[in-house]
Amino acid sequence: MAVDVRGLTGWLRAFADSISEHAAELTQLDAAIGDADHGTNMKRGMQAVTTMLDDSEFETADALLKKVGMTLVSSVGGASGPLYGTFFLRAGTALADTTEIDAADFGAALRAGVEGMVARGKAELGDKTLYDAWAPALTAYDDAGADGDLGAALAAAAAAAARGRDETTPMVARKGRASYLGERSAGHQDPGATSTTLLLESAAASLG
Amino acid sequence: MISIVVVSHSRALGDAAVGLASEMVDETSRPLIKVAAGLDETSFGTDASAVAEAISEVDSPDGILLLLDLGSAVLSAEMALEFLAPEVASRVTVSSAPLVEGLVAAVVTAATGADMDTVVAEARQGLAAKQAHLADEPPAASSPGLTPDADTPHVKLMVHNEHGLHARPAAKLVALVRSYDVRVHLTNLDTGRGPIDARSLSRVATLDARQGSTLLAQVTGREADAALAALRQFADDGIGDTAQPVASGTQPPMAAGSGLDVAVGPARCLATDVDVGGYEPGQPEVELGRSGTALSQVRETLVAVRGRTEAEVGPDEASIFDAHLALLDDPEVLEPVATAISSGASAPGAWSDVLGPLAGEFESLADSYQRARAQDVRSVERRLLLALTGRQDETSVGRDAGPPVVLVLPEIDAGTAAAIDPTEVAGVVTLAGGATGHGVIVAKSRGLAIYTDAGEAGARVRNRDVVAFDAAARRLVVNPDDEETAQFRALAVRRQRLRDEAMTVATSSAVTRDGTSVHVVANVGSVREALAAVSHGAEGSGLVRTEVLFGELRAAPGADEQLDSFLALSEALGGRPMTIRTWDVGGDKPLAFLPLSVEANPFLGQRGLRVFRTRPDLLVEQLTAVCRLAAVSPARVMFPMVTTRAEVDWALERLQEAAAATGGAVPDGLEVGVMIEVPAAALRVADLSRGLDFVSIGTNDLTQYTVAAERGNAAVAQLADAFDPAVLRLVRTVCDEVAATTAVAVCGDLASDLDGAALLLGLGVRELSTVGPAVALVKQRVRQLDLQDVRRVAADAVAASSADEVRSLLRTAFATQA
């Protein structure tokens, strides 16, 4: 089944709802190892996205996702702003002029977004960042989506992201504010990996 | 010339840094500088598109230098480069120089017309001068293990908070310290406790920092300057205790419990100890995993409880759980737990071994507010052990389709109190722990019936016993007979009906059956209380506690500020009359801006008006605000803790002085009175009140001075009973001697007690100032009374031989009305 601009809009709204619902949890996770603003920042960003969606019409996925990226860049405030912003900007670019998105298109967009984000944050696997959820998610997406089933691919990606998120708990942070804590950052789940999982779970629920 | 863009999370920080650097050079030679900071004026954050815009605005062929504060500023700066045209982006240099030092160096260098490479090199050297001077280590990402010495940058923090550095301000202090990449060592200069690591809430609390203590904060590390500034600001802002929001117009949602203070039900006795007998420990890595999972579970629960408490009860009560949550993030707790588990301890054993002694440490502290922290620690320990053993929290177990139970607990913590479902739990009995702990506060705020400190009687209760109590009358019966059970149930029904009736007619006036009007007003200390009181039918305020209204301020509020607050209160009261009591403070409870010497016997020392004989300026300032209030709104003023006529005359002179300062005489509408709290004042009330408009009896203090027993001292508290006939005689004396010419009010707790209110009417009092939620009930009680009856009861009460006998008389007389 292919996804259109309307479908993407539904995904973004679902993600905004999910962030809103989990904002306190995200902030709490961030309070343990960071600066206690991830939930607040993401909620502010996604509320800005929701408002933007209410006020705008988009012809192409490209235009939609780029606008989402710019909105996040200008409203999140913390490091998630440039990171999530880059993700949507690059994902949008990958979907240039595509209106009917199939599993392969969407997978390519996710991968382009993540690559942009990794280049921005210079994160590596095991650094206890959102990449630790994204990396297994992309692999699982490609494995499950090889036969073109977007729903199965997203479900597998979301499940893999959740496992990746859980595996950040014992990790020692090497990026961001949490890295100041050194060994003490172990034992806490990474907030960025947590919001990444929410993004993919929203996708699986609304696009699958 | 090159130009500069400052990328910061805070617009204020960016602007100030630019202001500072700009001072260094002449305006004509200054480079173009643009700040890209914050999401808006006040929200912290960085915005890549704003950075790109700033770069475009100051674009220069010689190059644009970007200086950044931290974190996302770096990412946003890099992202901004992608938004720019490549030829513009190629002119940008992003520098890792420290923001302030780098900016100063860059501005100074750029002003000389130097090229980009030179400016960048100078900016990067910005820290060198300071490092050479201090001869410290080069800045590192984290600098653990630094022990402070005399040269370490430091700041002194004066603790003015009424209850010392108690849980909430301590949690805020720790949060502040942890938000910077610094080590902060705190020492209590008064006691010598410390130095301790300020990232640890538990260690901070063990400083035993009480009101008046001075703490030395020594700061080292990468962000030491910022942390020092933040700590100074923290001290200036009152160490985490802020003034009550005077203009807040919101009321808390209704509490969930009945608020009737009555409960009957089968007992469920709970040990607060968790049985870890069946726990099977695994290998250290297994135990570490379990410990981490339990930690996340408990954190999740506490976050949820906090949220629910904030919604149902209010932010103050909810903030109690911040202290619980902080404990879960405390390195001084987490590290020893992890170490113990790694060396073979079971997860439950490790947690108990760390938290148990910590609770004990709190219990050994001198201050009762600090001691209450022990309860917080035990509560967190209990939750962790429940999570680890997979046992259910019995306090939240369903009632198996039976009737609601009465929980019997050794003591109650805030988490348990917040989690109790009033449909399953009829009431709570605690064996010990006092009536003012966090748990009791939350329970009462939620309207749960709670009988505190049942002691031996409570300890004998077993499961399947039936427990009935009336917390209002301090009556507890175990296994009541059918008749007693029926009485308690009837009592609850009556109270509910009475309350419903009272609320439906709350705003009607209170007139006795024989036509005597009684003025029912409320004691208030905030706008929120005033709004609540009015919704319960208060006809104004008979006591505005100015020391509460302004008590958290660090500097004495001026007349303008006081007037603003008085006007906000007046508005909340819908323009109804209000009685301003001048500062009621003492050596036992000083104001932050009025430190008093420690006295051997503060209740018999400098209290109330006495304090101001040496600081008349503070009194005159307040009276000035009162005079200005009285010119626009109905107002009364009264002086607390008056003993002699000379004191009254002195206070009246200060009032004249204040009136003169406002440019005239004391406003016509301003009624003037004194409080009667000292037995000597009651006995010579006629002389004392000559020329005054009213007197207001403070029954709480009058009681403790009459019986020479302090209410706060558990050993003698039962003596301090306002129903003591000796106290009632003094009230009668006041009414008999002056009620014909001077209004007599009561603003003590006795007026909020329904039987007490009736008794006061019988003694001759015609104005009752009660706690806000009691107003409607007291008014309704007044409407059911006949003056002849209450006079007779009052005469019997005054002649009775004990407070208990008075209560029994009242119960008999008003049996149908309770």
Side-chain angles (χ1 to χ4, degrees), chain A residues 22-41 44-45 48 69-86 89-90 116-117 119-123 166 169-170 174-189 194, chain B residues 9 38-40 43-53 70-80 82-83 140-144 175 178-182 199 221-223 285 288-289 291-293 295-296 299-300 302-304 306-307 310 322 325-326 328-331 334-335 337-338:
Chain A
H22 292 90
E25 179 194 338
L26 292 172
T27 289
Q28 201 56 47
L29 289 171
D30 197 25
I33 56 174
D35 43 9
D37 62 5
H38 188 56
T40 328
N41 286 351
R44 181 172 53 228
M70 287 311 294
T71 304
L72 290 174
V73 161
S74 295
S75 61
V76 170
S80 334
L83 292 173
Y84 273 91
T86 301
L89 287 171
R90 297 291 170 86
M117 204 159 47
R120 168 89 48 239
K122 304 187 174 69
D166 294 344
T169 302
R174 288 197 287 261
K175 284 285 165 195
R177 178 66 177 73
S179 62
Y180 299 157
L181 288 179
E183 295 292 332
R184 280 195 303 282
S185 62
H188 301 281
Q189 181 175 309
T194 309
Chain B
H9 281 68
L39 290 180
D40 54 42
S43 303
F44 294 143
T46 60
D47 171 354
S49 53
V51 176
E53 205 172 301
L70 65 165
S72 68
V74 184
L75 295 181
S76 291
E78 288 184 335
M79 189 165 196
E82 295 175 18
F83 294 162
S142 175
S143 2
R178 290 172 69 105
S179 68
Y180 293 92
D181 181 26
V182 287
R199 288 176 305 174
R222 200 177 59 83
E223 294 180 312
E285 57 271 24
L288 277 175
S291 172
T293 309
L295 199 61
S296 315
R299 185 181 289 120
E300 204 169 298
L302 285 173
V303 169
R306 192 201 181 288
E310 177 150 21
D322 290 337
L325 283 162
L328 299 178
D329 290 330
D330 190 335
L334 298 181
E335 282 167 17
V337 167

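Each chain gets a letter, A, B and so on, in the order the sequences are listed, and its residues count up from 1. Reckoned from all heavy atoms, side chains included, excluding hydrogens, waters and symmetry mates.
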Contact class of A:Leu83 relative to chain B, heavy atoms under 4.5 angstrom: side chain
Contact part of A:Ser75 toward chain B, heavy-atom cut-off under 4.5 Å: side chain, backbone, both or neither? backbone
Please classify the contact between A:Leu29 and chain B as side chain, backbone, both or neither, with a heavy-atom cut-off of under 4.5 Å. neither
Max heavy-atom pairs within cutoff under 4.5 Å with chain A, candidates B:Ser72, B:Gly38, B:Gly45, goes to B:Ser72
Would you say the side chain of B:Met79 lies within less than 4.5 Å of the side chain of A:Thr86, judging by non-hydrogen atoms? yes
Quick one: CD on A:Gln189 to CZ on B:Arg299, what's the gap to the nearest 0.5 Å? 10.0 Å
Side chain from CB out, backbone as N, CA, C, O: work out which of these in B:Ala50 comes under 4.5 Å of a heavy atom of chain A, or both, or neither. neither
Can you tell which part of B:Leu325 gets under 4.5 Å to a heavy atom of chain A, answering side chain, backbone, both or neither? side chain
Name the member of A:Pro170, A:Gly81, A:Ser74 that forms the most heavy-atom pairs with chain B at distances under 4.5 Å. A:Ser74
When A:Lys122, A:His188, A:Arg120 are compared by non-hydrogen pairs under 4.5 Å with chain B, the top option: A:Arg120
Straight-line distance of A:Gln28 CD to B:Arg306 CZ, nearest 0.5 Å: 9.0 Å
Among B:His9, B:Glu300, B:Glu82, single out the residue with the greatest number of heavy-atom pairs under 4.5 Å to chain A. B:Glu82
Which heavy atom in B:Phe83 sits nearest to a heavy atom in A:Met70, and how many Å separate them? CZ-SD, 3.5 Å
Return the minimal non-hydrogen interatomic distance between B:Leu75 and A:Ala79, and the atom names on each side. CD1-CB, 3.7 Å
Taking all atoms of both residues into account, what is the closest heavy-atom pair of B:Ser49 and A:Val73, and its distance? N-CG1, 3.7 Å
